[in-house]
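One structure is given below, encoded as structure tokens.
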Amino acid sequence: DAKTTQPPSMDCAEGRAANLPCNHSTISGNEYVYWYRQIHSQGPQYIIHGLKNNETNEMASLIITEDRKSSTLILPHATLRDTAVYYCIVRVTDSSYKLIFGSGTRLLVRP
Amino acid sequence: DTGVSQDPRHKITKRGQNVTFRCDPISEHNRLYWYRQTLGQGPEFLTYFQNEAQLEKSRLLSDRFSAERPKGSFSTLEIQRTEQGDSAMYLCASRHTSGGAGDEQFFGPGTRLTVL
């Protein structure tokens, strides 16, 4: 079962920041938080991941709370092309590296 | 295009027929994963390979399902005696085990199966 809880849907205005929350209260000390997104009719796409520290790349920023029980994905300037389902995943620590997806958050970016 | 490719993109079949899907991973990616996604749900793990060895199978992978990766490159997923409940998107992903914890999985576009 997925170890994360996300709101089923959110929306934001184009050009504004989109802040997507995720709860992972049972996360273990060596488990990473990954974010993927899935645009309609496409395969999931990797966005970012982190362990303890906040992370930033060209797509997004990831803010992880100090107790690591929750995190927030930030898309700083959302565009219409960011409309997608966003999945927060706590990656399994066994050698498989398989991903256990939840239901995700459906983000709608409004013009 | 050097991404993960899947073939066919769409497959419509009648109940009871056998179907086979193909996945071509990114070159030199030694790990290959299969996932299944039903409407409105996130992808569910089915199985994965390291090179040609199938290392794990989910309980979702019934006896009617078989996956192979004969030369450690492309992989096939076969479903025998298809049922309407097999209708789903079948996704393939690959990654390279370079030893880092952050190695992402690259997903293909998926094969959408409809069983009538």
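This one's a predicted model, so the numbers in the text were calculated from it and none came from an experiment. Each chain gets a letter, A, B and so on, in the order its sequence line appears, and its residues count up from 1.
- Shown here is L108(A), whose CG atom has more than 12 heavy atoms of other residues, nucleotides or ligands within 6.0 Å.
- When the shell of 6.0 Å around CZ of R16(A) is examined, it contains 12 or fewer heavy atoms from other residues, nucleotides or ligands.
- Atom CG of L39(B) is surrounded by 12 or fewer heavy atoms from other residues, nucleotides or ligands within 6.0 Å.
- Following chains of ILVMFWY side-chain contacts shorter than 4.5 Å, one cannot reach Y48(B) starting from F65(B), and the two form parts of different hydrophobic clusters.
- A donor-acceptor contact shorter than 3.5 Å is absent between the side chain of Y97(A) and the backbone of R95(B).
- Shown here is R68(A), whose CZ atom has more than 12 heavy atoms of other residues, nucleotides or ligands within 6.0 Å.
- Taken to the nearest 0.5 Å, the CD atom of E44(B) stands 11.0 Å off from the CZ atom of F101(A).
- Residues Y46(A) and W35(A) are members of separate hydrophobic clusters, defined by side-chain heavy-atom contacts under 4.5 angstrom among Ile, Leu, Val, Met, Phe, Trp and Tyr.
- Linking ILVMFWY side-chain heavy atoms closer than 4.5 Å, directly or via other members, places L61(B) and Y90(B) in a single hydrophobic cluster.
- Considering all non-hydrogen atoms of both residues, P44(A) and L91(B) come closest at CD-CD1, 3.9 Å.
- Inter-residue side-chain proximity for F45(B) and S96(A) is flagged as unmet; no heavy-atom pair is nearer than 4.5 Å.
- Note on Y86(A): it does not cluster hydrophobically with M89(B), by side-chain heavy-atom contacts below 4.5 Å among ILVMFWY residues.
- Contacts of E56(B) with chain A are made by side-chain atoms alone, with heavy-atom separations under 4.5 Å and no backbone atom involved.
- Heavy atoms closer than 4.5 Å to chain A are found in the backbone of P109(B), but not in its side chain.
- Only the side chain of Q37(B) comes within less than 4.5 Å of a heavy atom in chain A; its backbone stays farther off.
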Worked verdict on L99(A) versus Y33(B) for side chain to side chain contact (heavy atoms under 4.5 Å, CB included): CA-CA 10 Å; L99(A) 299 172; Y33(B) 300 80; over 6 Å; no
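- Going from atom CZ of R31(B) over to atom OG of S95(A) covers 6.0 Å, rounded to the nearest 0.5 Å.
- Linking Ile, Leu, Val, Met, Phe, Trp and Tyr residues whenever their side-chain heavy atoms come within less than 4.5 Å leaves Y36(A) and V33(A) in two separate clusters.
- The backbone N or O of G42(B) sits nowhere less than 3.5 Å from a side-chain atom of Q38(A) that would complete a donor-acceptor pair.
- Side-chain N or O atoms of Y34(A) include none that pairs as donor or acceptor with a backbone N or O of E104(B) at under 3.5 Å.
- Contact of Y35(B) with chain A is made through the side chain alone, with heavy-atom distances under 4.5 Å.
- Taking NZ of K98(A) as the reference point, atom OG1 of T47(B) lies at 10.0 Å (rounded to 0.5 Å).
- Heavy atoms of R112(B) lying under 4.5 Å from chain A are absent altogether.
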